2 protein chains.
Amino acid sequence: MKPITVYDIAKEANVSVATVSRVLNNTAPVKKATRDRITELINKYQFQPNALARSLTKKETGMIGIILPDITNPFFPEILAGFDKAARSKGYTYFLCDTVSSNEDNTDQYARESQYLSLLMEKQVDGIVMIGGRIDLAKPGQELTNEVMELGKRVPIVLVNGNLPGAGLTRVAADEKLGAELATQHLIDQGHKEIAIIGGFKHMSNTIARTQGFTRTMEKNGLPIRKEWMINGGFSVRKGFRFMEELLQGKVRPTAVVCVNDLIAFGALKAATKAGLRVPDDLSLVGYDDIPFASYTSPELTTISLKAEELGSQAADILHKLITKNKVPKLTKIVPELRIRESTAPPASLSAN
Amino acid sequence: MKPITVYDIAKEANVSVATVSRVLNNTAPVKKATRDRITELINKYQFQPNALARSLTKKETGMIGIILPDITNPFFPEILAGFDKAARSKGYTYFLCDTVSSNEDNTDQYARESQYLSLLMEKQVDGIVMIGGRIDLAKPGQELTNEVMELGKRVPIVLVNGNLPGAGLTRVAADEKLGAELATQHLIDQGHKEIAIIGGFKHMSNTIARTQGFTRTMEKNGLPIRKEWMINGGFSVRKGFRFMEELLQGKVRPTAVVCVNDLIAFGALKAATKAGLRVPDDLSLVGYDDIPFASYTSPELTTISLKAEELGSQAADILHKLITKNKVPKLTKIVPELRIRESTAPPASLSAN
DNA sequence: TCATATACTGTAATCGGTTTCATAAATTGT
DNA sequence: ACAATTTATGAAACCGATTACAGTATATGA
């Protein structure tokens, strides 16, 4: 029951393997009669050339690797969907490498990235996409940077929504700061003055950028920023719940809060609801990321779309260009969009007027 | 800048490639001095053996393929997380093959499955996992069945949550009917008598099983089933919204509804909320799947956990056994669990008593 | 008609490993 | 001290394709 090979086909067709290979790849003219005879055999035996053997000589595998933190976080499947579509249309298949969700102790995400990186090299992938993880760090360790940088010399790498300062790698990224500015300005435009921002980790670049966008917009509008209204320490619904509780315990309460991501916003929504507040009547909430679930809640969540699909498809396009030795910009910025839904409204003080 | 090979190492170490291979795989004794010399060179050059070449002779790649409909549907990432963990611990890397989310016209999901199937064969994967798609059909076409069945003879295949009757393939599946029974009985236990069921497609096996569980439980409890309270035609939030609207327009309204999946439940929740109903006070809702979001809404959704992670990890374990020629049961059933949260309560008529 | 392309095909090398077989060297047992 | 193992290593075949090179047959042109 051995799988059949070009040799089997060649023998039965009374030609050499070279000729079989020629009709397989249409790489040189073959007499019609011969070609027909061969194609017929190929169909008869459902012959499929062994991709390993082919890749070994061709030095290209049509495989790429995508490394991301946690497929269970709904933001990533969105990116992946965009990536998948674009990658496939170009003939690539990809390995999914999740560095967190399969990790019980959660302690060595970066080690896991390294493992995957070298695994992918062994598998001879044509390119690698990295999303999140070490590239999300505000100040990644130099070793980590070097490791990826070295690899970048051997195989095309695209960084999505992150950076390794100094590594000089090609990136595709949402304009995080702009997104936060959009969110904050939207609240201000509605009349809010007492605005808080919650969620994220202060050692992560996206948190920093988003916070910066918030701060800058507040300042630009001459609004005060209260330190106790800037809470971080996580990205989860549970954390969002806690942060909001904390906010609600304060003597003065904000009338609106910018959440560093949608999950935090959901947690905040729950906490607010539980405390008897009505969103958006008593409190406005803006999320960030626009995961699909954002439009499933009631009220539907006003949020910032990072256009995850586009992020993914751009990553694939750019990686492809890199692989085919085309020139690409060092940084492709995706501009985020405000998605106004139901969780934001003018503050009660205003509507009471 | 060519990548270095065993030959390079061999030459510099003054040994033959065979010896290098030996220390690489620990497959035969090598004199300590020689071994040290070689390992040192391996480290020096950061040598990584080419997996293509290795796989070509070894006839095993350590790669598996996982085919699923839509990574954007939060149920699948859960499965994937479980799968990932188990698969990796056994040394596998996997190709993610999404048959829907990257598909604009959505018309040829099955064709896509076929393409992926043959692609995976070319890539010489050690095994394949299929989730959803054609295996979810109540009565899949014979051609589809045959195709997969034939493939099953050449490479191990595990079907997750689905079936191809007659193909005799190994399966891992949640007990769909039991899940629906649990959900329905829970509502009945709370005192509900007027119960509807919404969502799904009646040509799909899971919908059929879930509906059957519902029907059977209602009958067992001597409760009537109204035909107009059984609505299907989709799995999305949008559809759930519509179905619930439809339900609410009827002269008689149910006091509880079983939703064929969580997304439908979210839609139903929105529609109910919009109509001024309070869940669970005025209406109880049970979901199905227990996707992560289920506990993010308020009220949190009572639902049936199919234990997606376990489904995934079992699939990986079983596939591994198949690959390593171990015996496995034809069908591994995962028993679902009722997760009681906040969307169910006794009907108003009762609490009014 | 003869020189020159062009069409068609085969031989053998190659990709980068693993593995069988053979052989030499070092141990062991008695 | 010598046969019998065991250790250590190399030469070469092999996995299943692609492809450079070479050669023959046919076609085209002057």
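Protein chains get the first letters and strands the later ones, always in sequence-line order, with residue 1 at the start of each. Note that the coordinates shown come from a computational prediction; the quantities given were computed from them, not determined experimentally. What's counted below: heavy atoms across the whole structure, side chains too, no hydrogens, waters or symmetry copies.
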K.L.:
Using five pairs at each end of the helix from C:dT1-D:dA30 to C:dT30-D:dA1 to define an axis, what is the angle between those two axes, to 10°?
P.N.:
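Taking the rotation axis at each end, their angle is 30°.
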
K.L.:
Go through residues 14-34 of chain B and report each residue with a non-hydrogen atom lying under 4.0 Å from DNA chain C, sorted by number.
P.N.:
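The stretch gives B:A18, B:S21, B:R22, B:N25 as the residues lying under 4.0 Å from the strand, ordered by number.
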
K.L.:
Please list all pairs meeting salt bridge (charged side-chain N to carboxylate O under 4.0 Å, His left out) that have one or both residues in residues 123-135 of chain B, counting only residues at least two apart or in different chains.
P.N.:
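Sorted pair list: B:E113-B:R134, B:R134-B:E147.
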
K.L.:
For B:Q124, enumerate each residue passing the side chain to side chain contact (heavy atoms under 4.5 Å, CB included) test, keeping only those at least two apart in sequence or located in another chain.
P.N.:
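B:Q124 satisfies side chain to side chain contact (heavy atoms under 4.5 Å, CB included) with A:N50, A:L52, B:T61 once adjacent residues are dropped.
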
K.L.:
Enumerate the residues from residues 49-62 of chain A whose closest heavy atom to DNA chain D is under 4.0 Å, giving them by residue number; use none for an empty result.
P.N.:
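Here the set is A:P49, A:N50, A:A53, A:R54, A:L56, A:T57, A:K58.
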
K.L.:
Applying salt bridge (Lys or Arg N to Asp or Glu O under 4.0 Å), can you list everything that pairs with B:K153, at least two apart in sequence or on another chain?
P.N.:
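Expected list: B:E150.
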
K.L.:
Show the nearest heavy-atom pair for residues A:D70 and A:F76, with the distance to one decimal.
P.N.:
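For A:D70 and A:F76, the tightest heavy-atom pair comes out as O-CD1, 3.2 Å.
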
K.L.:
Looking at B:D98 and B:R112, does any basic side-chain N land under 4.0 Å from a carboxylate oxygen?
P.N.:
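No salt bridge links B:D98 with B:R112.
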
K.L.:
D:dG16 C1' sits how many Å from A:K11 NZ, rounded?
P.N.:
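Interatomic distance, NZ of A:K11 to C1' of D:dG16: 15 Å.
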
K.L.:
Could you check if a side-chain atom of B:S21 sits within less than 4.5 angstrom of a side-chain atom of B:P49, using non-hydrogen atoms only?
P.N.:
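No, side chains not in contact.
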
K.L.:
Which salt bridge (charged side-chain N to carboxylate O under 4.0 Å, His left out) pairs, counting each pair once, include a residue from residues 37-61 of chain B, with sequence neighbours left out?
P.N.:
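Counting only pairs at least two positions apart or across chains, the salt bridge (charged side-chain N to carboxylate O under 4.0 Å, His left out) contacts touching residues 37-61 of chain B are B:E12-B:K44.
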
K.L.:
Is it the case that the ring center of B:F95 lies less than 6.0 angstrom away from the ring center of A:F95?
P.N.:
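Between A:F95 and B:F95, the centre distance is under 6.0 Å.
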
K.L.:
Which letter, B, S or -, goes with each nucleotide of nucleotides 24-29 of chain D from 5' to 3', with contact meaning a protein heavy atom under 4.0 Å?
P.N.:
------

K.L.:
Apply salt bridge (Lys or Arg N to Asp or Glu O under 4.0 Å) to A:K333 and list each qualifying residue two or more places apart in sequence or on a separate chain.
P.N.:
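Expected list: A:D175.
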
K.L.:
Kindly write out the residues that satisfy salt bridge (Lys or Arg N to Asp or Glu O under 4.0 Å) with A:K31, not counting sequence neighbours, or none if the list is empty.
P.N.:
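Residues passing salt bridge (Lys or Arg N to Asp or Glu O under 4.0 Å) with A:K31: none at all.
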
K.L.:
For A:D8, which residues count as a salt bridge (Lys or Arg N to Asp or Glu O under 4.0 Å) partner, sequence neighbours excluded?
P.N.:
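Per chain and number, A:D8 pairs via salt bridge (Lys or Arg N to Asp or Glu O under 4.0 Å) with no residue.
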
K.L.:
Return each pair, listed once, that meets salt bridge (charged side-chain N to carboxylate O under 4.0 Å, His left out) where at least one residue sits in residues 321-332 of chain A; pairs must be two or more places apart or across chains.
P.N.:
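Checked against salt bridge (charged side-chain N to carboxylate O under 4.0 Å, His left out) - neighbours excluded - no pair reaches residues 321-332 of chain A.
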
